[in-house]
Amino acid sequence: MKYTLKTLSAGLLAVVAFSVAAQAQVQSDGGEAANAFLSAQVAREALQAQERQQPLSVVAEPLKKYQAKLLEIKLPEKNPEAILDALRELTEYNLVFATGIHNYQNSKSSRGNMAYELCKQIKAPSPVGWNDYRGYPLEEIFDRYVPDNHGIEEIATLEYLVKMFPWHDGTELDLVKYAPQSFEKPFHELLGQVEKMKTKDAKKIAHLLAGLATAYNELYAKEPFGAINFKNALFDIPIRTGWDRTTTVNGLFIKYGLIEWSEAYEVRKVEDLKKMYDLSKAEAEELHQYLLRRNEK
């Protein structure tokens, strides 16, 4: 899977600090997208360029346009195109988010700090036309109203970066190499398949989750503390999928293994898991067992 950030507009270039047109390409294969995209070279060039330009805090125009368009939307569920049109305004900030993520790990630049603060401002709740009582954070806009397979590269990149910010930079994926191969293999298989999958295949994803759950349960039986540490470190890392969205391992477990009620979740029964996803009894039992203790810290 290949991701490309297109050239930023001249107005943003003057402030974000890329004195020449900036373009970053990512080749994703088995979970390497984050490492490639947020490479030290890309982040270093961005930070160095920022030092030569104005503060990032004055870059408000794309955010204002986004917020103005949100205020015009009355029925977001029925008007995904209007949501996507509003989000296009924020794609101007894609490389700012990349810089902000790097800066969280390497706070050495005053203007890098400004990038970080701007990213927080962009993610914060914005007023919307369909709710007079509260604003909607950017992540909630993505999770509630952005359709799968929308086909807009820049918006898919924006969602990925927004969900990476502030503390993910992709290097967390390296932790899995310290896990037993019996755990590392199904983990990378899940990530690799989801990254390549162009349309969500519920049965295939459930089988992959069952395989990872089995590996986790086996590790938990031998080293519960180690298993929990790997889960806490790895299962919330954003994964850019082939259907133009960003998810996590935990998010997939919730979607395919749980029933959501208004204030809580219910674990699907073994028989339900078998029937819904054509799992074997053993697969369904392993998946069910993991889900029952998914929140253990």
Side-chain angles (χ1 to χ4, degrees), residues 5 8-9 11-17 34 37-38 43 46-47 50 53-77 79-80 82-107 109-147 150 152 154-170 236-240 244-248 250-251:
L5 283 181
L8 296 178
S9 68
L12 186 60
L13 283 170
V15 188
V16 177
F37 181 69
L38 297 171
L47 290 171
Q50 286 172 1
Q53 302 294 334
Q54 303 175 35
L56 289 169
S57 57
V58 303
V59 190
E61 196 61 27
L63 180 57
K64 288 180 180 178
K65 290 180 179 179
Y66 161 75
Q67 292 173 335
K69 288 183 177 182
L70 286 186
L71 285 171
E72 295 175 356
I73 302 171
K74 303 303 180 183
L75 297 171
E77 297 90 349
N79 201 355
I83 294 290
L84 292 171
D85 182 56
L87 288 170
R88 284 181 190 273
E89 302 294 346
L90 296 186
T91 61
E92 296 284 356
Y93 296 120
N94 280 355
L95 286 177
V96 181
F97 270 102
T99 304
I101 294 165
H102 175 80
N103 185 66
Y104 186 81
Q105 305 288 341
N106 305 278
S107 184
S109 162
S110 61
R111 290 190 171 90
N113 287 334
M114 292 176 187
Y116 176 79
E117 292 301 322
L118 178 59
C119 291
K120 289 200 300 182
Q121 180 182 350
I122 296 166
K123 286 188 64 170
S126 291
V128 297
W130 63 90
N131 192 324
D132 293 332
Y133 299 99
R134 71 176 182 92
Y136 278 62
L138 183 51
E139 284 192 43
E140 186 174 0
I141 294 290
F142 273 112
D143 291 340
R144 284 180 176 269
Y145 305 119
V146 174
H150 55 70
I152 305 172
E154 295 88 347
I155 291 178
T157 299
L158 174 67
E159 181 183 9
Y160 175 67
L161 290 171
V162 165
K163 292 182 175 179
M164 291 280 283
F165 179 84
W167 59 276
H168 293 294
D169 67 356
D236 281 321
I237 297 174
I239 307 166
R240 183 163 173 185
D244 299 328
R245 302 302 309 282
T246 294
T247 186
T248 64
N250 275 333

| How far apart are the closest heavy atoms of Gly100 and Cys119, and which atoms are they? | CA-SG, 4.3 Å
| note | d(Ile73 CD1, Ile141 CD1) to nearest 0.5 Å is 7.5 Å
| request: Using a 4.5 Å cut-off on heavy atoms from C-beta on, say whether the side chain of Leu70 contacts that of Pro127. | output: no
| message | I'd like to check Tyr116 versus Pro166 (side-chain heavy atoms, cut-off strictly below 4.5 Å). Are they in contact? | response | yes
| Are side-chain heavy atoms of Ile237 and Thr248 found at a separation under 4.5 Å? | no
| request: Would you check if Leu158 and Phe142 make a side-chain contact, meaning some heavy-atom pair closer than 4.5 Å? | output: yes
| Distance in Å, Leu87 CG paired with Tyr66 OH, rounded so as to fall on 0.5 Å steps | 5.5 Å
| message | Assess the residue pair Lys123 and Leu118 against the criterion (side chain to side chain contact (heavy atoms under 4.5 Å, CB included)); give the C-alpha distance rounded to whole Å, side-chain angles, the decisive distance to 0.1 Å, and a yes or no. | response | CA-CA 9 Å; Lys123 286 188 64 170; Leu118 178 59; over 6 Å; no
| Charged N to carboxylate O below 4.0 Å: is that the case for Glu154 and Arg88? | no
| remark: All heavy atoms of Pro76 vs all of Ile83, minimum pair found to be CB-CD1, 4.0 Å
| query | For Ala156, does its backbone N or O pair with a side-chain atom of Asp244 as donor and acceptor, under 3.5 Å? | reply | no
| task | Grab the two heavy atoms, one from Lys74 and one from Gly129, that are nearest each other, plus how far apart they are. | result | CD-O, 3.3 Å
| Can you check whether Gln121 reaches Leu63 side chain to side chain, under 4.5 Å on heavy atoms? | yes
| note | By salt bridge (Lys or Arg N to Asp or Glu O under 4.0 Å), Lys69 pairs with (sequence neighbours left out) Asp85, Glu89
| said: Check whether Tyr136 forms a cation-pi arrangement with Arg134 (NZ or CZ under 6.0 Å from the six-membered ring centre, at most 45° off the ring normal). | reply: yes
| field | Distance-only donor-acceptor check, side chains Thr247 and Arg240, under 3.5 Å | value | no
| query | For Asp132, does the CG atom sit with more than 12 other heavy atoms under 6.0 Å from it, leaving out its own atoms? | reply | no
| task | Please assess His168 against Leu161 for the test side chain to side chain contact (heavy atoms under 4.5 Å, CB included), listing each intermediate value before the final yes or no. | result | CA-CA 9 Å; His168 293 294; Leu161 290 171; over 6 Å; no
| note | Here the gap from Ser126 atom OG to Leu71 atom CG, rounded to the nearest 0.5 Å, amounts to 8.5 Å
| Between Trp130 and Tyr145, what is the ring plane arrangement, given parallel below 30°, perpendicular above 60°, and tilted in between? | perpendicular
| message | Using 0.5 Å steps for rounding, measure from the CD atom of Gln67 to the CG atom of Leu90. | response | 8.5 Å
| query | Taking atom CD of Glu159 and atom OG1 of Thr91, what is their separation to the nearest 0.5 Å? | reply | 13.5 Å
| note | Gly135 and Pro125 have their tightest heavy-atom pair at C-CB, 3.8 Å
| said: Check Glu117 with Lys120, please: is the shortest side-chain N to carboxylate O separation under 4.0 Å? | reply: yes
